[in-house]
Structures are given as structure tokens and as C-alpha cells.
Visitor: 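One structure, pasted below without further comment.
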Amino acid sequence: MAEPVFALIDCNSFYASCERVFRPDLLRVPIVVLSNNDGCVIARSADAKPFVKMGEPYHQIRGKLERNGVLAFSSNYALYGDISERVMTVIESLVPALEVYSIDEAFADMTGIDNRDKLGREIRAKVLKLTGIPTCVGIAQTKTLAKLANHGAKKWQKHYGGVMDICDPERRDKLLKALPVGEVWGVGRRMNEHLTAMGIKTAWDLAQADAWTLRKQFSVVIEKTARELRGVSCLALEETAPAKQEICSSRAFGHRLHEMEPIKEAVATYAARACEKLRAQGSLCKRIRVAIRTGMFNPDEAKFAKGIVCELPYPSDDTRLIVRAALKGLEAIFRPGHAYAKAEIMLLDLRQQGEFTDDLFAEVQPAAAEKVMSLLDEINGRWGRGTLRPARVPGTPGWGMKRELKSPSYSTKWDELWRVGGR
DNA sequence: TCTGGGGTCCTAGGACCC
DNA sequence: TCTGGGGTCCTAGGACCC
């Protein structure tokens with residue numbers, strides 16, 4: 001069997017490029033795209049990069065951007081999603097297999113293809129022509145190396161023409177030695193600190209490190225990363241995205257909320273959105289988590305954060321049930337006197353429909369709905385139990401207090417529900 | 001009177017990604 | 001004044017059982 005070869009196709013400054021597709025007059029004007037509520041910068045065109053860092057709060061750099069003629073856009077995710085689909089369709093028509101990894105990048109299978117460089121250039125040209133989006137392509141024996149090659153293709157775009165193939169070991173090692181370990185896919189800020197302290201400074205150093213030691217000291221994730229850097233493929237191409245195991249819907253309010261009523265509205269909206277996603281992938285959810293918190297950045301603002309997990313009476317994708325449970329949870333955690341900035345809903349313990357057949361309550365669902373809801377009230381009543389302990393939030397001593405919950409055991413709840421269900 | 005310890009399940013939270 | 005919104009995976013440690 002031929003040795004696998006992966007290509008990573010990544011759109012350049014994707015959101016900014018999308019805005020330019022509809023505003024060709026901005027091709028030579030530096031632009032940035034802002035997050036929800038125009039909070040911070042989440043995309044920069046290449047010519048805007050010298051003026052602003054990724055993630056910088058907009059209100060802090062607004063003046064600087066204006067002085068330098070950088071235009072700012074509010075984000076338009078519907079547009080980006082639409083353009084992304086078109087980009088992926090074009091790439092898909094050119095390669096044997098494709099894994100869409102995120103809104104702006106995809107892994108392609110290039111195993112057994114002779115002229116990879118030519119194919120890479122063809123992909124770039126066709127995507128640009130048909131969608132207006134510029135891309136870069138990295139090619140290598142593993143996904144992690146392909147990411148790194150893509151990084152190189154972007155960094156030295158003029159030299160390589162946007163396509164970098166590091167299947168040749170000599171070329172690969174040269175690139176590994178040139179890039180700091182922090183640029184490696186899977187090495188974030190904390191891991192970078194740890195590795196640097198150990199003397200592992202470049203991607204090459206990590207590739208040489210002892211896998212077993214890495215596993216023992218950190219985790220299997222970083223071990224795999226090191227193996228992949230050596231050219232041993234540990235991550236396969238996944239053409240069909242597996243169903244999500246958690247679904248989250250959260251948002252900052254944009255301004256501070258002090259009362260429960262408007263927060264209830266937000267929580268209900270987020271819960272409904274999460275339910276839509278849940279049904280779209282044909283799953284049921286067994287538990288939900290609802291959480292609220294105050295702002296995180298203003299040192300003068302009192303901090304408070306609390307979340308709660310609630311087991312649903314039965315696995316469900318029913319918006320009404322889930323919204324009601326979420327609101328019950330909110331009532332349990334809400335404390336007056338705080339300036340709330342954000343709420344979050346998470347759907348947990350997801351499984352495909354049909355996987356719950358062993359669950360007792362699949363049968364009693366419809367008939368017992370109302371009774372079950374009142375039982376939920378009782379269960380919520382017990383959420384008050386437990387002891388208080390300081391929440392562990394790094395770097396912020398005294399950050400809020402979190403209630404340590406002692407939830408009733410599964411068996412207790414299920415037994416009671418069983419009776420409610422009339423059996 | 002003496003007052004175990006191993007296995008497993010569950011949760012919270014860290015770290016990472018885009 | 002104003003600081004995103006999703007996700008994934010892993011681990012430590014508590015709870016619980018025998």
C-alpha cells in the first residue's frame with residue numbers, strides 16, 4: 001500500500017477575503033473583521049496585519065485603525081458559510097477524497113498522485129477563479145506535517161507560490177528546524193512554555209523527543225503530534241464528520257444584564273438554537289448544562305460565575321422540554337446583584353436516536369411529560385444542597401464561589417421517574 | 001478494638017483548535 | 001462603556017461499591 005500523503009488547503013485571511021469578494025474596490029485597502037458585538041478582531045487581511053494583533057479588543061485599537069486607513073467590518077457568518085461551501089465544492093471536484101476540517105480549511109488525500117505540486121497549483125487557481133478566495137496548500141505524509149507545510153507556504157508565499165510540498169525528507173527537516181515549536185498544530189501557549197523550558201524549541205526538537213516520555217509527562221495527544229512530525233501518520237482522513245458529542249450555544253450579551261427576565265430570554269433562545277443543531281444531527285441529549293457569568297476583563301467589576309448540570313427526565317430533542325429545564329437551571333444559579341455579561345447552554349451526553357432503547361423511559365415519554373416536568377421541579381429543589389468552595393480560576397484569587405453539587409444518584413431519580421411514569 | 005484498598009464511574013476543568 | 005463562539009480530548013480526583 002502506498003504511503004499516505006495529505007494536503008492541507010487553507011483560505012488566506014478567510015473572513016477578510018470573503019468581504020473583499022463583494023467589495024473588489026477594497027482589494028488594496030487593509031481590512032479587519034470583528035467578532036459578535038464588534039468585540040474583537042477575528043480576521044485581518046495581509047496588509048492589515050502590521051496594525052493589529054489577532055483577538056485585540058476593537059475599542060482599544062479603533063483610533064489606530066482609523067489613522068492607518070484600516071476598515072473594520074462586523075462579521076457575517078451566513079455569508080462566510082455560504083462561500084465556504086462553494087470553496088469546498090470546488091476542491092472536492094479536484095481530489096479523490098476531502099475532509100472539511102473547519103470553515104476555511106480542508107485536508108485532501110493526495111496518496112499516489114505523481115505531480116502533487118501541479119495539483120496544488122491547480123486547486124489554488126480554480127478556487128480563486130470560481131470563488132474569489134485565495135488559498136495556500138501544504139503537502140506532506142501526515143496531517144500535522146501538512147499543517148506545518150501550509151504554514152510555510154503562507155510564510156514564504158512569494159518564494160513557493162503558495163504551495164509547499166515537504167514529502168522530501170531533506171526539505172521536511174529544513175522546515176522543521178526553521179519553525180519554533182509553538183507553530184506546531186497541537187502545541188498551544190501552555191505546552192509551548194513547558195516544551196521550551198525543557199529545551200524543545202523548534203518543531204525539529206519535538207520530532208526528536210522521546211515519545212514515551214512525552215506521553216508520561218503530558219498526554220497521548222502530544223505524543224501523537226511528535227510521531228506525526230517524524231512522518232508517522234497517526235491521524236487519518238475523516239471524510240464524514242462524526243456526530244458532535246457536545247453542543248454548545250453561548251454568547252456575550254453586548255451589554256450588562258442585572259435582572260433574571262432578560263437573561264431568561266437569552267437562555268431560552270440559546271437553548272432553542274442548540275436544540276436545532278441537536279435535531280439536525282439526529283441526536284438526543286440526556287443532560288444539559290446552563291451557566292452564567294459576569295464580565296472577565298474589568299478589574300473593578302465584581303466577578304461571579306456559576307453553572308449547573310441537570311439530567312433530563314428522559315433523553316430528548318424536544319425544544320420545549322429542554323428550554324424549560326434550562327430555565328429551571330437558571331433559576332437555581334441566578335443570584336441578584338451582579339452585572340451579567342454572558343450565558344451558555346451545553347447539551348451533553350448526546351447519542352444517536354435509537355441508541356437509547358435500553359433506557360427505561362423511552363417508553364413513558366409522551367404520557368408522562370407533565371408529571372415528569374413537575375418531578376423536575378423537585379429535582380431542581382435538591383440542587384440547593386452541597387457545600388461552597390472557592391472556584392479554581394487561574395490568576396484571579398477570590399474569583400466567585402462555586403456551589404459543589406451533590407446531585408441525587410441516577411438510580412434514585414430513575415426509580416422515582418419510573419413511578420411517575422405509571423409503572 | 002481494630003477501621004482497607006482497588007476498581008470504576010462521573011464531573012470539572014485544563015489545554016488545544018479555528 | 002466596549003473584550004467571540006463554537007468545539008474536542010484528556011486527566012485528576014471525588015464518589016461509590018464491594
Side-chain angles (χ1 to χ4, degrees), chain A residues 8 10-11 13-15 33-43 53-62 72 74-75 77 80-81 84 100-106 143-144 147 150 182 184-195 215-225 235 238 241-256 270 273-274 277 281 286-287 289 291 293-301 305-309 311 339 341-350 386-387 389 391-395 402-411:
Chain A
L8 177 69
D10 190 314
C11 300
S13 311
F14 182 57
Y15 295 171
V33 176
L34 307 172
S35 66
N36 181 39
N37 301 320
D38 289 349
C40 52
V41 174
I42 53 171
K53 283 193 287 245
M54 199 65 169
E56 265 194 290
Y58 180 50
H59 68 95
Q60 283 176 9
I61 50 153
R62 193 175 186 157
S74 297
S75 43
Y77 290 102
Y80 310 151
S84 170
V100 177
Y101 176 70
S102 76
I103 194 164
D104 73 334
E105 50 186 311
K143 281 181 163 182
T144 305
K147 283 282 272 193
N150 187 281
V184 174
W185 189 36
V187 178
R189 187 176 51 86
R190 294 303 299 270
M191 190 55 66
N192 189 19
E193 285 170 17
H194 278 126
L195 294 175
R215 182 184 197 133
K216 206 174 55 161
Q217 199 157 356
F218 303 108
S219 73
V220 299
V221 183
I222 195 74
E223 183 202 352
K224 277 188 192 171
T225 300
L235 306 167
E238 290 175 23
K244 302 217 184 317
Q245 298 172 28
E246 300 173 355
I247 289 174
C248 175
S249 176
S250 76
R251 202 136 310 164
F253 299 134
H255 56 101
R256 298 289 184 260
Y270 304 166
R273 280 198 57 225
K277 296 185 204 169
Q281 68 167 31
K286 215 171 166 186
R287 291 182 309 152
R289 179 182 145 87
R293 66 185 314 149
T294 57
M296 283 177 281
F297 301 99
N298 186 345
D300 302 327
E301 206 176 324
K306 202 181 279 285
I308 197 169
V309 174
E311 171 139 1
K342 191 175 179 180
E344 170 184 313
I345 289 283
M346 284 195 90
L347 307 185
L348 307 166
D349 287 355
L350 308 190
T387 52
R389 67 174 168 82
R392 277 186 284 164
V393 176
K402 190 167 61 87
R403 186 175 291 275
E404 199 172 354
L405 294 159
K406 226 176 152 60
S407 60
S409 73
Y410 281 96
S411 53

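Numbered from 1 within each chain, the chains take letters A, B, ... in sequence-line order.
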Visitor: Please measure how far the P atom in dT3(B) lies from the corresponding atom in dC18(C), and state the result in whole Å.
Guide: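 Comparing P positions in dT3(B) and dC18(C) gives a spacing of 24 Å.
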
Visitor: Kindly write out the residues that satisfy salt bridge (Lys or Arg N to Asp or Glu O under 4.0 Å) with Glu246(A), not counting sequence neighbours, or none if the list is empty.
Guide: none

Visitor: Quick check: on DNA chain C, is the nucleotide nearest His255(A) upstream (toward 5') of the one nearest Met346(A), or the reverse? Name the residue that is more 5'.
Guide: His255(A)

Visitor: May I have the distance from Glu344(A) (atom CD) to dG5(C) (atom P), rounded to whole angstrom?
Guide: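 Value for this atom pair: 10 Å.
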
Visitor: Within the pair Arg293(A) and dT3(C), is there a side-chain N or O less than 4.0 Å away from OP1 or OP2?
Guide: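 Checking dT3(C) against Arg293(A), no side-chain N or O comes under 4.0 Å of OP1 or OP2.
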
Visitor: Rounded off to whole Å, could you give me the NE2-to-P distance for the His59(A) and dG4(C) pair?
Guide: 9 Å

Visitor: Picking from dG4(C), dC18(B), dT8(C), which would you name as closest to the side chain of Lys244(A)?
Guide: dT8(C)

Visitor: Rounded to the nearest 0.5 Å, what separates atom CG in Leu350(A) from atom CZ in Arg287(A)?
Guide: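 Between Leu350(A) CG and Arg287(A) CZ, I get 10.0 Å after rounding to 0.5 Å.
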
Visitor: Can you name the side-chain contact (heavy atoms from CB on, under 4.5 Å) partners of Ser102(A), sequence neighbours left out?
Guide: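 For Ser102(A), the residues satisfying side-chain contact (heavy atoms from CB on, under 4.5 Å) (neighbours in sequence not counted) are Asp104(A), Glu105(A).
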
Visitor: dC18(B), dG5(C), dT3(C): which one has an atom nearest the side-chain heavy atoms of Gln60(A)?
Guide: dT3(C)

Visitor: Specify the residue among Ala252(A) and Phe218(A) whose closest nucleotide of DNA chain C lies further upstream toward the 5′ end.
Guide: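 It is Ala252(A), whose closest nucleotide lies nearer the 5' terminus.
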
Visitor: Could you go through Leu34(A) and Ile42(A), starting from their C-alpha distance and side-chain angles, then the distance that decides it, and tell me whether this counts as side-chain contact (heavy atoms from CB on, under 4.5 Å)?
Guide: CA-CA 6 Å; Leu34(A) 307 172; Ile42(A) 53 171; 5.9 Å; no

Visitor: How far does NE2 of His255(A) sit from CG of Asn37(A), to the nearest 0.5 angstrom?
Guide: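 Answer for the NE2-CG pair, His255(A) versus Asn37(A), is 8.5 Å.
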
Visitor: Check side-chain contact (heavy atoms from CB on, under 4.5 Å) between Cys40(A) and all other residues, then give those that pass, not counting sequence neighbours.
Guide: Ser35(A)

Visitor: Please confirm whether the shortest side-chain N or O distance from Arg273(A) to OP1 or OP2 of dG5(C) is below 4.0 Å.
Guide: no

Visitor: Under the salt bridge (Lys or Arg N to Asp or Glu O under 4.0 Å) rule, collect the residues that match up with Arg273(A), sequence neighbours excluded.
Guide: none

Visitor: Determine: side-chain N/O of Lys342(A) to OP1/OP2 of dG4(C), distance under 4.0 Å, yes or no.
Guide: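 Checking Lys342(A) against dG4(C): no side-chain N or O falls below 4.0 Å of OP1 or OP2.
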
Visitor: Report the residues that fulfil side-chain contact (heavy atoms from CB on, under 4.5 Å) with Val220(A), sequence neighbours left out, ordered by chain and then residue number.
Guide: Arg215(A), Glu223(A)

Visitor: At under 4.0 Å between heavy atoms, what does Arg215(A) touch on the DNA or RNA strands: base, sugar-phosphate, or nothing?
Guide: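 If one applies the 4.0 Å heavy-atom cut-off, Arg215(A) turns out to touch nothing in the nucleic acid.
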
Visitor: Of the listed nucleotides (dT3(C), dC18(B), dC10(C)), which one gets closest to any side-chain atom of Ser219(A)?
Guide: dC10(C)

Visitor: Is the phosphate of dC10(B), meaning OP1 or OP2, less than 4.0 Å from a side-chain N or O of Arg287(A)?
Guide: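 For Arg287(A), the contact criterion (side-chain N or O under 4.0 Å from OP1 or OP2 of dC10(B)) is not met.
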
Visitor: Separation of Arg190(A) atom CZ from dT11(C) atom C1', in whole Å?
Guide: 14 Å

Visitor: Is any side-chain heavy atom of Ile103(A) closer than 4.5 Å to one of Tyr77(A)?
Guide: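 The answer is no; the side chains never approach within 4.5 Å.
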
Visitor: Could you tell me the separation between the OH atom of Tyr80(A) and the C1' atom of dG5(C), rounded to a whole number of Å?
Guide: 14 Å

Visitor: What is the nucleic acid contact for Ser249(A), judged by heavy atoms within less than 4.0 Å: base, sugar-phosphate only, or nothing?
Guide: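 Answer is sugar-phosphate: Ser249(A) comes under 4.0 Å of backbone atoms only.
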
Visitor: For Gln245(A) and dC9(C), is the shortest distance between a side-chain N/O and OP1 or OP2 below 4.0 Å?
Guide: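 Answer yes for this pair, as a side-chain N or O of Gln245(A) is under 4.0 Å from OP1 or OP2.
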
Visitor: Tell me: CG of Asn36(A) to P of dC2(C), nearest whole Å?
Guide: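 After rounding, the reported distance stands at 14 Å.
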
Visitor: Just checking Val41(A): base, sugar-phosphate only, or nothing, at a heavy-atom cut-off of under 4.0 Å?
Guide: nothing

Visitor: How is Ile247(A) classified with respect to the nucleic acid when contacts are heavy atoms under 4.0 Å: base, sugar-phosphate, or nothing?
Guide: sugar-phosphate

Visitor: Which whole-number value in Å describes the distance from Lys277(A) NZ to dT8(C) P?
Guide: 11 Å

Visitor: Assign Tyr58(A) to base, sugar-phosphate, or nothing according to its heavy-atom contacts below 4.0 angstrom with the strands shown.
Guide: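 Tyr58(A): no heavy atom of the nucleic acid under 4.0 Å.
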
Visitor: Assign Glu246(A) to base, sugar-phosphate, or nothing according to its heavy-atom contacts below 4.0 angstrom with the strands shown.
Guide: base

Visitor: Whole-Å distance between dC9(C) P and Leu350(A) CG?
Guide: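 Going from CG in Leu350(A) over to P in dC9(C) covers 12 Å.
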
Visitor: Can you tell me which stems involve DNA chain C, if a stem is defined as three or more consecutive Watson-Crick or G-U wobble pairs, both distances under 3.5 Å?
Guide: B:5-18 with C:5-18

Visitor: What contact category does Arg62(A) fall into here, base, sugar-phosphate, or nothing, at under 4.0 angstrom with non-hydrogen atoms?
Guide: nothing

Visitor: Can you tell me the distance, in whole Å, between the CD1 atom of Ile103(A) and the C1' atom of dC17(B)?
Guide: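 For the pair Ile103(A) CD1 and dC17(B) C1', the rounded distance is 15 Å.
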
Visitor: Select base, sugar-phosphate, or nothing to describe what Asp104(A) touches, counting heavy atoms under 4.0 Å on all strands.
Guide: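 It contacts sugar-phosphate atoms only.
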
